[in-house]
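Just so it is clear: chains get the letters A, B, ... in the order the sequence lines come, proteins before strands, and each one is counted from 1.
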There are 2 protein chains.
Amino acid sequence: MLNSYSSADKVLLAVDCIIFGFDHQGLKILLIQRDFEPEKGKWSLIGGFLKRDEVLDNAAIRILNTYTGLNDIYMEQLYAYSEIDRDPVERTISVSYYALINIENHNTELIKNYHAEWFPIAEAPNLIFDHNEMVKNAIRRLRYRTSIKPIGFELLPEKFTMRQLLELYEAILSKELDKRNFISKINSLEILNKLDEKDMQSSRKGSYLYTFNKEKYEEKLLNDFVLNL
Amino acid sequence: MLNSYSSADKVLLAVDCIIFGFDHQGLKILLIQRDFEPEKGKWSLIGGFLKRDEVLDNAAIRILNTYTGLNDIYMEQLYAYSEIDRDPVERTISVSYYALINIENHNTELIKNYHAEWFPIAEAPNLIFDHNEMVKNAIRRLRYRTSIKPIGFELLPEKFTMRQLLELYEAILSKELDKRNFISKINSLEILNKLDEKDMQSSRKGSYLYTFNKEKYEEKLLNDFVLNL
DNA sequence: TTTATTAATGTAGATTTTACACTTACATAA
DNA sequence: TTATGTAAGTGTAAAATCTACATTAATAAA
């Protein structure tokens, strides 16, 4: 019987996490220096093996936590990579996950202790196995996602300026956006609350701070929409 | 060592294929009646186990062929399902694949011999395991894909009428489209060749037949574009 | 009080999208 | 041969959206 369970092959199933972060310097990616063979010392995505009694989503969360100390990160599944020799040690299929986080909200010291490090996207080192490809695909997905869902929620501090939001979008899309058009498009979504408070860091005039309006934001998440930037 | 290969669990990895087809009656899905336990006799997606020396994409092709006789079908990977008890017999992670095919181009007799059957989407029976969810997600992906890539190529006969193309889009999107606006949008893509030939089946006047212009079509596939229907 | 710096703001023209109805071609039946 | 019925084919005007673009405003520092 072709389809009998007992005669089917079992394989190792891994999860690799592509963690994007944003700070005042732009879009970054979190990588670790492998502390085990093969490729010990080389840079890699944060990854590990799925356990028998574990759902993939949870494996991603556990592995991210194990290697970076990061907690409560919402990740989305991306793609299963299955080239025969992608891992030279043993046949391993890897499912990639990605997330967007606010670098400043997370303990940079902690991350460092785990030998994890943030790299500006453009300056990321070469990665082991097929991790470069995984990152490339994740960036594509991130850009696509940007066009159909509002983002920023996860990446900016609670209170942020229009300029910060603009720079976030510019970093993700890696292109310049017209400031006035951007602001009016964002405003037309009605997902921001303009505060009375100003941020005085950036200029003498100071710029208004905004927060996300969670309710409206969730509403937008439901009905797919297109944001043409 | 947390991350050692030898101590990691191995699991069964399956592939399930969501095959969409289109004919004059509308959008359909290909299902098989399981001829093995558990759930023998119930309807299910076409699925099977990944082999140790096989890439997922090829497993999907092999499995589809094994259970339906279908050949040369291009499938796209969708999502990995990993709920612990999704398969009651043994822990199995399943990666879903989907494809769009032209029902009339494929041997219906052959498919029947394999106990596979086409069901109109709306009339599909309840499926085993988490297959209903897989189908739901695949339909969503199909609709999304429709908005960013031209489709039809795979689903229509070589020569087809505008009405057929319109009906295909209406079936996938499950909404009515304005005939004139649809035609002018499609024409603006410049991916069709209008033939001198007419199809006389559908009306006394007869309607012009079209073919896809493969080159232009491939070109469009490269540059992502948005088709707002 | 002058200067320098970034924030904030509006509009006109171009493009795209939408809604909508009549004429044409032909086969069939009278 | 003529009349009739059926689906095919076609255009436009109004609305909405997108794009490009430049000046004034607020404030701190000199």
Side-chain angles (χ1 to χ4, degrees), chain A residues 24-26 143 146-148 150 152 156-157 159-171 173 175-211 220 223-229, chain B residues 24-26 143 146-148 150 152 156-157 159-171 173 175-211 220 223-229:
Chain A
H24 55 284
Q25 290 171 71
R143 289 192 178 141
T146 302
S147 75
I148 55 158
L156 294 174
K159 297 173 183 181
F160 54 89
T161 65
M162 272 293 180
R163 167 165 297 263
Q164 285 178 287
L165 189 61
L166 173 68
E167 283 173 356
L168 167 60
Y169 272 87
E170 287 185 330
L173 300 173
K175 68 176 177 187
E176 280 198 7
L177 299 173
D178 181 277
K179 183 174 45 147
R180 274 179 291 187
N181 294 340
F182 177 80
I183 291 172
S184 56
K185 277 182 193 179
I186 293 295
N187 281 335
S188 73
L189 296 178
E190 299 183 314
I191 53 171
L192 298 186
N193 299 319
K194 187 175 192 168
L195 307 180
D196 282 332
E197 217 173 323
K198 281 187 163 191
D199 168 75
M200 301 307 292
Q201 305 301 113
S202 63
S203 77
R204 300 188 172 160
K205 184 178 177 178
S207 52
Y208 283 104
L209 288 165
Y210 291 80
T211 57
K220 295 282 169 188
N223 332 330
D224 278 7
F225 73 99
V226 175
L227 185 56
N228 238 337
L229 293 170
Chain B
H24 56 283
Q25 291 170 70
R143 289 192 178 140
T146 302
S147 74
I148 54 157
L156 294 175
K159 299 174 182 179
F160 54 88
T161 65
M162 272 293 180
R163 168 165 296 263
Q164 285 178 288
L165 188 61
L166 173 68
E167 283 173 357
L168 167 59
Y169 273 87
E170 287 184 330
L173 300 173
K175 69 174 177 186
E176 280 199 7
L177 299 173
D178 180 277
K179 181 174 47 147
R180 275 179 292 188
N181 292 340
F182 176 80
I183 291 172
S184 57
K185 277 184 192 178
I186 294 294
N187 281 334
S188 74
L189 296 177
E190 297 182 315
I191 53 171
L192 299 185
N193 299 319
K194 187 175 191 168
L195 306 179
D196 281 331
E197 216 174 325
K198 281 189 162 190
D199 168 74
M200 301 307 292
Q201 306 300 114
S202 61
S203 77
R204 300 186 174 162
K205 185 176 177 178
S207 53
Y208 283 104
L209 288 165
Y210 292 80
T211 57
K220 294 282 170 187
N223 330 331
D224 277 9
F225 74 99
V226 175
L227 183 59
N228 238 336
L229 294 171

Does the ring of B/Y210 carry B/K194 above it, NZ/CZ under 6.0 angstrom from centre and within 45° of its axis?
no
Inter-residue atom distance [X].[atom1] - [Y].[atom2], 0.5 Å rounding:
X      : Y      : atom1 : atom2 : value
A/E167 : A/L156 : CD    : CG    : 10.0 Å
A/L165 : A/L177 : CG    : CG    : 10.0 Å
A/R163 : A/S207 : CZ    : OG    : 8.5 Å
A/N181 : A/I186 : CG    : CD1   : 11.5 Å
B/D196 : B/Y208 : CG    : OH    : 7.5 Å
B/R180 : B/I183 : CZ    : CD1   : 9.5 Å

For B/L166 and B/M162, what are the C-alpha separation, side-chain angles and deciding distance, and is it a side-chain contact (heavy atoms from CB on, under 4.5 Å)?
CA-CA 6 Å; B/L166 173 68; B/M162 272 293 180; over 6 Å; no
Please write out the pairs of protein N or O atoms and N or O atoms of nucleotides 25-30 of chain C separated by less than 3.5 Å, giving the distance to one decimal.
residue : atom : partner : partner atom : Å
C/dC26  : O3'  : B/R204  : O            : 3.3

Using the criterion of both pairing distances under 3.5 Å for Watson-Crick and G-U wobble pairs, give all stems of 3 or more consecutive pairs involving DNA chain C.
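Stem segments, range with range: C:1-30 with D:1-30.
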Inter- and intrachain pairs under ring pair (Phe, Tyr, Trp, His ring centres under 6.0 Å), touching residues 176-205 of chain A, at least two apart:
A/Y169-A/F182
Looking at every heavy atom in both A/M200 and A/R204, which two are closest together, and how far apart are they?
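That closest heavy-atom pairing would be CE-O, 3.4 Å.
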Heavy-atom pair with the smallest gap, counting every atom of A/K198 and A/G206
NZ-O, 3.7 Å
Interatomic distance, A/R163 CZ vs C/dT5 C1' [rounded to whole Å]:
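Value for this atom pair: 11 Å.
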Could you tell me the separation between the CG atom of A/D178 and the P atom of C/dA14, rounded to a whole number of Å?
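To the nearest whole Å, that distance equals 18 Å.
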My understanding is that only residues two or more places apart in sequence, or in another chain, count here; which of them pass side-chain contact (heavy atoms from CB on, under 4.5 Å) with A/T211?
A/K159, A/N193, A/L195
Under a criterion of less than 4.0 angstrom to any heavy atom of chain B, what are the 5'-terminal and 3'-terminal contacting nucleotides of DNA chain D?
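The contacted stretch runs from D/dG5 to D/dG11.
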Residues in residues 180-187 of chain A with a heavy atom under 4.0 Å of DNA chain C, by number, are A/R180
